[in-house]
Each structure stands twice: as structure tokens, then as C-alpha cells.
Amino acid sequence: MTTTTITTLRLESRFKELKREIIRPENREAVQASWGRLLKALDRKADEISRAGSSYIPEVNWGDIENGGFTEEMTSLIHARGCLIIRDVIDDEQCNQWREDTKKYIKSHPGITGTPRTGVTSNWFIHWSKAQVEARSHPRMVQLMKAVGKLYKNNDPDALLDMDSQVVYADRLRIRYPGRDSTLPLHLDSSSIERWEDEQYRDVYREIFEGRWEDWDPNLIDRRPSANQDLYQGMSSNGSTCSVFRSFQGWLALSDAKPGEGTIWFLPDLKCVLAYILLRPFFDERGNLDLSSAQFPGATPGSGQFMANDRAMFPHLQHDKSVVGIPYVKPGDFVLWHADLLHEVDEEHKGDKESSVVYIAHTPLCPYNIETLKDSRECFESGAKPRDFRYEYDDGPDESSYEDRGREEHLLSLEGKQALGLVPFDVNEEGLTPGQIAVRKMANEAMQGYWSTSQSAPVMQKTSQVE
Ligand SMILES: [Fe+2]
């Protein structure tokens with residue numbers, strides 16, 4: 001079984017005060033009325049998803065977005081459902097090579113560990129293998145992330161945010177073999193109690209707490225990047241927290257996988273589901289607004305937001321109807337999900353071969369992510385564990401002594417080098433907003449100390465196109 005901690009914590013009394021602060025007296029009537037509308041909308045949504053099954057998850061071919069990006073129709077589907085499969089981003093041969101390289105890397109270094117800690121490992125504690133370094137910086141991945149960055153709406157040209165530039169968040173990878181070994185129950189990435197506790201983060205969901213959940217736009221980026229997603233610095237050390245701002249999480253498939261073969265399931269709705277999770281702590285079992293308890297179901301400081309342990313607290317999600325497995329994926333397909341989308345991982349892998357993925361998030365350049373840019377650069381050079389994963393030292397060594405790990409020569413694009421803080425971001429690129437220019441300058445200044453004088457002036461070259 002999973003090693004993820006999913007215990008419900010009875011929170012301190014200060015969280016009772018927090019509840020009164022969040023639902024202001026002048027909004028309480030509206031919030032009560034909005035709850036009734038929300039439960040009806042959720043019910044309709046569960047029926048809609050259950051009728052469609054896996055086909056509810058939008059899909060697009062790489063060839064259809066390669067030049068023009070996402071169509072308006074596809075964009076509105078992604079906005080509503082919060083997930084997407086992009087077919088054939090990377091060719092099979094390359095994916096097979098990365099899969100075999102990774103297996104060889106793990107085999108050559110018996111010190112590498114992962115989870116589950118007993119039984120057959122599926123999530124490997126490696127961050128800097130050659131395959132990961134190449135995949136993150138592959139020109140197709142760069143192009144994909146630029147297209148993905150346009151899925152969010154930004155109404156503020158001065159916002160210190162650059163959705164076209166990435167910061168490497170050096171996550172782990174999955175090679176999962178058949179058997180009942182590991183699972184990740186229904187959860188949200190990007191923190192738990194912080195969505196209520198951190199003022200900036202809470203402001204992302206302002207309309208929901210004012211009784212106007214229908215007016216909340218999950219795809220508006222403006223207020224998101226300044227939220228603190230890690231108030232407790234991952235104190236549970238279970239790897240479910242994340243110190244970086246990820247607008248989307250995603251993975252690249254390196255092998256085939258069908259639902260039930262160790263892969264991911266989504267509850268493919270953003271607005272109703274997140275409004276429900278965020279309002280749930282404020283209502284009693286009879287559906288009345290109740291601000292008297294300190295409990296926030298599913299939220300544990302220092303851990304991700306897990307629904308499973310409190311499943312009875314979320315009956316309106318109708319888990320059995322509304323959570324659907326992704327369709328069959330093949331090597332080179334990319335699976336993407338919004339920062340606020342509920343998802344889970346198969347408890348059992350019933351297939352007959354390994355299911356492998358490399359996690360690659362959309363992690364835009366913003367002030368909040370500059371600390372990660374520094375950390376990623378340092379860890380890439382030394383082979384150390386990135387800061388969110390240092391608890392892994394309890395289980396085994398880092399990659400610093402592995403001569404065959406990914407190096408600078410394995411970075412396949414200029415953007416891949418920028419995302420690791422190895423070369424400056426281009427502040428003179430055409431078409432940048434004032435906010436993009438400002439945040440690129442801010443990042444360049446923060447990284448100045450790492451560069452030699454000769455490297456400090458941007459040396460730009462076009463991203464090489466894949467044949
Ligand atoms: Fe997750």
C-alpha cells in the first residue's frame with residue numbers, strides 16, 4: 001500500500017477563527033444559498049461524466065496544435081474539465097530509448113530507492129537521469145509548454161509572470177510493474193490547508209467564499225503565482241507537498257497503459273468540484289452553514305489535500321460515478337492536469353508489463369519560482385536532491401556520485417538551459433508584456449552570481465526543430 005500519509009488532522013482552534021474570517025458575516029446568506037445550487041450542479045456533473053466515461057477526458061493530436069496552438073473549442077473543453085491528453089508529442093523510438101536508459105541507470109546504481117519502501121518500487125527517487133534531463137529540455141516539450149501556458153487567461157500585462165518560460169521542477173519518475181503495490185488516493189496537488197489559510201491563495205477563490213461560485217474562473221492566472229503553497233515546508237515529508245507554483249501538472253508516457261494498469265484517474269470537472277471541496281468545511285451534515293468546528297476535511301498541514309481518509313465527508317463527489325480512468329496511452333503521449341483538479345492513481349496494476357512515465361509540470365517563471373530556479377541549478381550541477389525531496393536522503397544516496405547522470409550536454413534546447421538557470425532569459429524578445437520583461441530581468445539578476453562574466457550577456461539561438 002501507499003506510504004502517503006492521509007490521516008485527518010483535528011486542527012487547532014485557530015482554524016475555527018479562520019473559518020469566521022473566510023466566510024464574512026455579510027456573505028453568509030449568499031454562501032448558504034450557493035451551497036444548494038452547488039450540490040444540484042455536482043449531481044448533474046456526476047451523471048454527465050458517468051455517461052461519457054473515459055471519453056469525457058479531452059484529447060488532441062500533437063499535429064493539430066503544433067503550429068497554431070489549441071483551438072477555441074478545445075480550450076473551452078480544457079477550461080471546464082481541467083485535463084487533457086496530447087497524443088504523439090514525442091516519437092516512439094525516443095521514448096523507448098529513454099525508458100531503456102532509465103532502467104539501465106536504476107540497475108547500474110543499486111543504491112537508488114523509491115516508494116513503496118517495501119515490495120516492488122514504482123516511484124523512483126531519481127531526478128537527474130539523462131532521460132529526465134533530455135525529456136524536460138526536448139524542443140517538443142518546450143513547444144508544448146509554451147502552448148499550454150496560453151491556456152490560462154492573464155488580464156494583467158504588468159503581472160510579474162512569464163507563462164512562456166519554464167523553471168525546472170526536478171520531479172521523480174515512475175516505472176511501475178504489475179501487482180498491487182502502490183496507490184495515491186483521490187487528492188489535489190499544490191497544497192492542502194494553504195488554499196484556505198494563506199491570504200493570497202485564498203484570494204484565488206474569492207468568489208467561492210462570497211457565495212458566487214458560478215463567477216469563479218479557475219483559468220484566470222492573475223492571482224495564482226503569489227500564493228504561498230507550502231506554509232509548512234512539507235513537514236510531513238511524504239512527498240505530497242510542492243514548494244513551486246505549477247499551473248499544470250503532467251507526465252510523458254514512456255510505455256503503454258490502460259485504465260487499471262497503474263495509471264491515473266481524474267474527476268474531470270474544475271469549477272463545481274473545487275467549490276465543493278473549499279466550501280465543505282463550512283457546512284454540517286444537514287447542509288447548514290456551521291462555523292463552529294476547526295476541521296477542514298482532507299487538509300493536513302504539510303501534506304497534499306487527500307479526500308480518501310474522509311471519503312464519507314465528500315459524498316456529493318459521487319466517487320464511483322465521477323472518477324474516470326484516462327483512455328489508453330502510448331509512449332510519447334502527454335497527460336496534463338490543472339493545479340486544482342482531483343486525481344488518483346490505480347491501486348492495482350493489473351496489466352502484464354511496466355507502466356512508465358516522466359513527470360514534467362508546467363512551472364512558469366514568476367518571483368515565487370525563482371528560489372526553485374536557484375535550487376534546480378545547484379542540484380543539477382551537483383546531483384543533489386531538489387529541496388522538496390531532501391527527505392529521500394533517509395532512504396538512500398543522491399545522484400552526485402553517478403557519472404552517467406544527465407549533464408549540460410544533454411540539454412536539448414536553449415529554453416531547457418534557461419529553465420535550469422544556466423543561461424539568461426531573453427529580455428529583448430519581441431512581443432513580451434511589461435510583466436514578462438520585468439520577471440525575466442528579476443530572474444537574470446537573481447542568477448547573476450552563478451554566471452561567469454562571459455556568460456552574463458544573453459547568447460540567443462533558436463530552438464532547434466525536431467524532424
Ligand atoms: Fe498528484
Hey, does [Y] have a side-chain heavy atom less than 4.5 Å from the side chain of [X]?
{"X": "Val323", "Y": "Leu186", "value": "yes"}
{"X": "Leu252", "Y": "Met141", "value": "yes"}
{"X": "Leu173", "Y": "Phe125", "value": "no"}
{"X": "Pro367", "Y": "Met442", "value": "yes"}
{"X": "His343", "Y": "Ile326", "value": "no"}
{"X": "Gln418", "Y": "Phe425", "value": "yes"}
{"X": "Leu412", "Y": "Pro139", "value": "yes"}
{"X": "Pro331", "Y": "Leu254", "value": "no"}

Please tell me whether [X] and [Y] have a donor and an acceptor in their side chains that are separated by less than 3.5 angstrom.
{"X": "Gln249", "Y": "His338", "result": "no"}
{"X": "Asn228", "Y": "Gln200", "result": "no"}
{"X": "Trp98", "Y": "Glu134", "result": "yes"}
{"X": "Tyr56", "Y": "Asp269", "result": "no"}
{"X": "Tyr169", "Y": "Asn369", "result": "no"}
{"X": "Thr263", "Y": "Asp346", "result": "no"}
{"X": "Tyr359", "Y": "Asn123", "result": "yes"}
{"X": "Ser190", "Y": "Arg195", "result": "no"}
{"X": "Ser356", "Y": "Arg174", "result": "no"}

Donor-acceptor contact below 3.5 Å, side chain [X] vs main chain [Y]:
{"X": "Gln132", "Y": "Asp171", "answer": "yes"}
{"X": "His109", "Y": "Lys107", "answer": "no"}
{"X": "Gln436", "Y": "Asp162", "answer": "no"}
{"X": "Ser376", "Y": "Val168", "answer": "yes"}
{"X": "Asp388", "Y": "Ser243", "answer": "yes"}
{"X": "Asp91", "Y": "Gln94", "answer": "yes"}
{"X": "Trp196", "Y": "Leu278", "answer": "yes"}

To the closest 0.5 Å, what do you measure between [atom1] ([X]) and [atom2] ([Y])?
{"X": "Leu342", "Y": "Phe314", "atom1": "CG", "atom2": "CZ", "answer": "8.5 Å"}
{"X": "Ile277", "Y": "Leu317", "atom1": "CD1", "atom2": "CG", "answer": "6.0 Å"}
{"X": "Asn61", "Y": "Glu59", "atom1": "CG", "atom2": "CD", "answer": "8.0 Å"}
{"X": "Phe296", "Y": "Gln305", "atom1": "CZ", "atom2": "CD", "answer": "10.0 Å"}
{"X": "Met163", "Y": "Cys366", "atom1": "CE", "atom2": "SG", "answer": "9.0 Å"}
{"X": "Ser165", "Y": "Arg440", "atom1": "OG", "atom2": "CZ", "answer": "3.5 Å"}

Closest heavy-atom pair and its distance - [X], [Y]:
{"X": "Ser322", "Y": "Ile49", "result": "O-CG2, 3.5 Å"}
{"X": "Ala41", "Y": "Cys272", "result": "CB-SG, 3.9 Å"}
{"X": "Gly421", "Y": "Trp451", "result": "O-NE1, 3.0 Å"}
{"X": "Cys379", "Y": "Pro386", "result": "SG-CA, 3.8 Å"}

If you count heavy atoms of other groups shown closer than 6.0 angstrom to CD of Glu199, is the number above 12?
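Counting neighbours around CD of Glu199, 12 or fewer heavy atoms of other residues, nucleotides or ligands fall under 6.0 Å, so no.
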With a sphere of 6.0 Å drawn around CD of Glu409, does it hold more than 12 non-hydrogen atoms of other residues, nucleotides or ligands?
yes
Taking 4.0 angstrom as the limit, do [X] and [Y] come out as a salt bridge?
{"X": "Lys150", "Y": "Asp164", "value": "yes"}
{"X": "Lys146", "Y": "Glu415", "value": "yes"}
{"X": "Arg99", "Y": "Asp92", "value": "no"}
{"X": "Lys385", "Y": "Glu392", "value": "yes"}
{"X": "Arg202", "Y": "Glu194", "value": "no"}
{"X": "Lys130", "Y": "Asp101", "value": "yes"}
{"X": "Asp217", "Y": "Lys153", "value": "yes"}
{"X": "Glu261", "Y": "Arg176", "value": "no"}

Give the intermediate values and the outcome of side chain to side chain contact (heavy atoms under 4.5 Å, CB included) for residues Leu422 and Phe380.
CA-CA 10 Å; Leu422 293 166; Phe380 171 66; 3.8 Å; yes
Salt bridge (charged side-chain N to carboxylate O under 4.0 Å, His left out) assessment of Asp333 paired with Arg87
CA-CA 4 Å; Asp333 294 344; Arg87 302 287 189 188; 2.7 Å; yes
Can Ile437 and Thr433 be said to form a side chain to side chain contact (heavy atoms under 4.5 Å, CB included), step by step?
CA-CA 6 Å; Ile437 295 171; Thr433 63; over 6 Å; no
Set out, in order, the CA-CA distance, both residues' side-chain angles and the distance that settles side chain to side chain contact (heavy atoms under 4.5 Å, CB included) for Asn154 and Asp156, then state yes or no.
CA-CA 6 Å; Asn154 184 358; Asp156 181 6; 3.9 Å; yes
Would you say the ring centers of [X] and [Y] fall short of 6.0 Å from each other?
{"X": "Tyr152", "Y": "Phe248", "value": "yes"}
{"X": "Phe334", "Y": "Trp251", "value": "no"}
{"X": "His127", "Y": "Phe389", "value": "yes"}

Sequence neighbours excluded, the answer for side-chain contact (heavy atoms from CB on, under 4.5 Å) partners of Thr75 is Phe70, His79, Leu151
Using the side chain to side chain contact (heavy atoms under 4.5 Å, CB included) rule, take Gln229 and Tyr201 through it: C-alpha gap first, then chi angles, then the decisive distance, then the call.
CA-CA 7 Å; Gln229 313 209 352; Tyr201 209 166; 4.0 Å; yes
List the steps, then state whether salt bridge (charged side-chain N to carboxylate O under 4.0 Å, His left out) holds for Arg224 with Asp340.
CA-CA 11 Å; Arg224 289 183 179 269; Asp340 282 337; 2.8 Å; yes
Trp128 six-ring centre to Arg377 NZ/CZ under 6.0 Å and within 45° of normal:
no
So Tyr402 and Tyr105, would you call those rings parallel, tilted or perpendicular, with 30° and 60° as cut-offs?
perpendicular
